[in-house]
Protein chains: 2
Amino acid sequence: MKPAIIRNGEQPGESETERAARLIRRAGARATPARVRVLRLLRSAPTALSHHEIEQSLGDLALDRVTLYRVLDWLVATGLAHRNADTRRTFRFSAASGSEHSAHSHFRCDGCGRVFCLDAAPPPPPRLPEGFLLSRIELDLRGRCAQCAGGAQ
Amino acid sequence: MKPAIIRNGEQPGESETERAARLIRRAGARATPARVRVLRLLRSAPTALSHHEIEQSLGDLALDRVTLYRVLDWLVATGLAHRNADTRRTFRFSAASGSEHSAHSHFRCDGCGRVFCLDAAPPPPPRLPEGFLLSRIELDLRGRCAQCAGGAQ
DNA sequence: CGGGTATCTGCAACAGAGTTGCAGGTACCA
DNA sequence: TGGTACCTGCAACTCTGTTGCAGATACCCG
Ligand SMILES: [Mn+2]
Ligand SMILES: [Mn+2]
Ligand SMILES: [Zn+2]
Ligand SMILES: [Zn+2]
């Protein structure tokens, strides 16, 4: 019976790491620690994360600031992640859910700036002025998330 | 019969300037040259303008960079202007067309960047996660306006 | 018409977010 | 087990927006 093996400084949860690496190689690039760590983090995050939050979350395993920007750009370019700008004009990143990332809405917290993906159904298309062409429709919700609204402060 | 009077360094087109000043006073603030110039410019602009573009357009009449930011913030706060972040994470400003600025939706043209206020009914509020507080709900429509979609180009 | 005063403006200094260039390291293939 | 194209890290920079404060001024009032 083999003992559980934990490779160089990696946390347990090997299979999630492997999965991230596989996705990256499948996209035609090297599965470097930087990319693997970031993609794994995004895939496990409950909300869209900013560059800064990602840096924080990586803790000891943090990358160079610029490298993180480049990794995120690459993830977005390949479609493994997507990026949307929040109220404070910073970008937030989230893993592209295996399925689709089309028909849902976003809730943006005015307190912390985080973006939450909701399951809200796509709203019905309204009438537009003559000659207007509609390409995208999105429900934009604003307010305070549970954490920012809650009693804590 | 009174001769036409043109006040200190103002271009002819007095009535547009006066109109801007009136809107500003009605919002409960001083009709300073900075605010009047910026609002008049936004009201005559065919597209949404960035801070930088506004600075350029004002030419000799340009304000201090910071003052311009503050004027724009004020215009947005009072509802006299709209701000929407473009895809490159810079803000673009346009004069608000409608009278009311509560329950309506916006159409953003990907061609010219203009923001159009629509009469579309506010969509029904969806279910939110526990503890979330909703403060604003908005339908965000994207596409091409009649002018940008039309035969012209 | 003049003041008085809350409101605005301009300047300087700062902060956050993202970019560019380049020298050196390394994942992957042969 | 190399070789090399692809990545990473560092430094320096740009662009966008913010804050604090001293001085100016639009507007109200007499
Ligand atoms: Mn989403
Ligand atoms: Mn509007
Ligand atoms: Zn929040
Ligand atoms: Zn247009």
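Here is the naming used below: chain letters follow the sequence lines, and residue numbers restart at 1 for every chain.
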Could you check how far [atom1] of [X] sits from [atom2] of [N], rounded to whole Å?
X	N	atom1	atom2	answer
A:F93	C:dA17	CZ	P	11 Å
A:D64	C:dT20	CG	P	16 Å
B:F91	D:dT18	CZ	C1'	12 Å
A:L72	C:dT19	CG	C1'	14 Å
A:L63	D:dG9	CG	C1'	10 Å
B:W74	D:dA26	CH2	C1'	13 Å
B:E55	D:dC15	CD	P	12 Å

Of B:A29 and B:D73, whose nearest nucleotide on DNA chain D comes first from the 5' end? B:D73

Classify the side chain of B:R70 versus the base of D:dG20 as yes if they form a donor-acceptor pair under 3.5 Å and no if they do not. yes

Under 3.5 Å, is there any donor-acceptor pair linking the side chain of B:R65 to the base of C:dG10? no

To the side chain of [X], which of [options] is closest?
X	options	value
A:R25	C:dA17, C:dC28, C:dA27	C:dC28
B:R35	C:dC8, D:dC27, D:dT8	C:dC8
A:V66	D:dA11, C:dT9, D:dG9	D:dA11
A:Y69	D:dT8, D:dG17, C:dG18	C:dG18

Contact list for residues 16-65 of chain A, test ring-ring contact (aromatic ring centres under 6.0 Å, His included), sequence neighbours left out: A:H51-A:Y69

Taking A:R37 for its side chain and A:L61 for its backbone only, find out whether a donor-acceptor pair lies under 3.5 Å. yes

For B:V71, does its backbone N or O pair with a side-chain atom of B:R35 as donor and acceptor, under 3.5 Å? no

Filtered N/O pairs between nucleotides 23-25 of chain D and protein, under 3.5 Å:
| from | atom 1 | to | atom 2 | distance (Å) |
| --- | --- | --- | --- | --- |
| D:dT25 | O2 | B:R30 | NH1 | 2.9 |

Does any non-hydrogen side-chain atom of B:L128 lie less than 4.5 Å from one of A:F107? yes

Hey, does B:I24 have a side-chain heavy atom less than 4.5 Å from the side chain of B:W74? yes

Touch class at under 4.0 angstrom, heavy-atom based, for B:T67 against every strand present: base

For a quick check under 3.5 Å, do B:T17 and B:R40 share a side-chain donor-acceptor pair by atom type? yes

Sequence neighbours excluded, the answer for salt bridge (charged side-chain N to carboxylate O under 4.0 Å, His left out) partners of A:D73 is A:R83

Does B:T32 have a side-chain nitrogen or oxygen under 4.0 Å from the phosphate oxygens OP1 or OP2 of C:dT9? yes

